[in-house]
Amino acid sequence: MRRIFVVAFLVVLVAVLVFLGLNALGLLPEQAAAQAEPIDWLLNLELMVISFLFALIIVPLVYSLVAFRRKPGETGDGEHVEGNTRLEIGWTVIPLIIVLIFAYLGAENLGRVRRADPQAMQVQVTGYQWGWQFKYPQYGIRSQELYLPVNEQVLFKMESTDVIHSFWVPEFRVKQDLVPGRVTEVRITPSRVGRYTLMCSELCGTQHAYMNAPVVVVSRAEFDAWVAERQAAAAAAAASGPDAARGEEKYLMYCKACHSIDGSKGVGPTWRGLLGEQVVLTDGTTFIADEAYILRSIKEPASQVVAGYPPMAFNAEAVGLTDADLADIVEFIKTLK
Ligand code: CUA
């Protein structure tokens, strides 16, 4: 009986120490969304149970090794024990109850995390190899940075133009895949002003590790100011006509991974000296590259594939490039002599 008390005490002690140790590791980044609270609460509870189960297994094991080790001169077999119905029922029913409790808590938690606010602002997210594009349909703007007003729920509607990507800001906790051919959703209510990083958490190709985007959570007033600034910039761009500098920005964002501007061969042909150059297509057609050819190549990549290269996997419309953007890109190509 004394042994049972010693073991029980040690189990509780080790459980508490393991739990405190796990907490001290700082496994989670700071909480920056309302959805993070129920998730962290449940994880904390799970860590408590995990710490207890760990102690429940390790403590009796180590205690037995020490207390019941063979003494010098002891040569006989140990006491033979076969079956213990009460113990077996206990270790079946108790874990079953724990699992059922967690199933209930998990479902309840999921309900809280997904609670929808009908006022939620919508942001359309497009993931592509390899980057992110955000559209704010309510304001008619788009951005490579994810600006969000604090303490307001945002409904993200997400699409992928190519393979599966995954939308994840660790400080917000929730995570959602982007699946080609359908629209997936996630709701997030940022609760803390600050800068975070959106990262793709689904292996999606060679540049997967760099598929990040800045996330900026600001006050409503700052958000409105940012929207006004973006709207003004878009209006100014539309008014000024094609611009090579803006074209270069787009090149760096969308095209650089495959097309060089120094003449070297990439996944696709180099852009250096492209205008006016002779082009040979896979079907043997030969002609001189002009603006119309370049625009058609971007908009309908499959319609004219250059010999020696794979068809381009890029959907300009899906990543939010407008005709004005494409005109900027052509303007930039003109400068690459
Ligand atoms: Cu997109 Cu990994």
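Order of appearance sets the numbers: ligands from 1, and atoms from 1 within every ligand. None of the values given here were measured: they were computed from a predicted structure. Reckoned from all heavy atoms, side chains included, excluding hydrogens, waters and symmetry mates.
- Summary: ND1 is the N/O/S atom of His208 found nearest to atom 2 (Cu) of ligand 1.
- For the 3.5 Å distance criterion, the side chains of Gln133 and Tyr254 qualify, holding a donor opposite an acceptor.
- Restricting His165 to its N/O/S atoms, the shortest distance to atom 1 (Cu) of ligand 1 is reached by ND1.
- Distances from atom 2 (Cu) of ligand 1 to the N/O/S atoms of Glu202 are shortest for O.
- Taking atom 1 (Cu) of ligand 1 as the apex, the angle formed with SG of Cys204 and SG of Cys200 is 120°, to the nearest 10 degrees.
- A salt bridge is absent between Lys250 and Glu331: the closest approach of a Lys/Arg side-chain nitrogen to an acidic carboxylate oxygen does not fall below 4.0 angstrom.
- For atom 1 (Cu) of ligand 1, the N/O/S atoms of Met211 include one lying under 2.8 Å.
- For the residue pair Arg187/Gln153, the side-chain donor-acceptor check at 3.5 Å is satisfied.
- Side-chain contact check for Gln304 and Ser297: at least one donor-acceptor pair (N or O, by modelled atom type) lies under 3.5 Å.
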Quiz item: Tyr251 and Leu336: side chain to side chain contact (heavy atoms under 4.5 Å, CB included), yes or no, with the steps?
Solution: CA-CA 12 Å; Tyr251 164 76; Leu336 304 170; over 6 Å; no
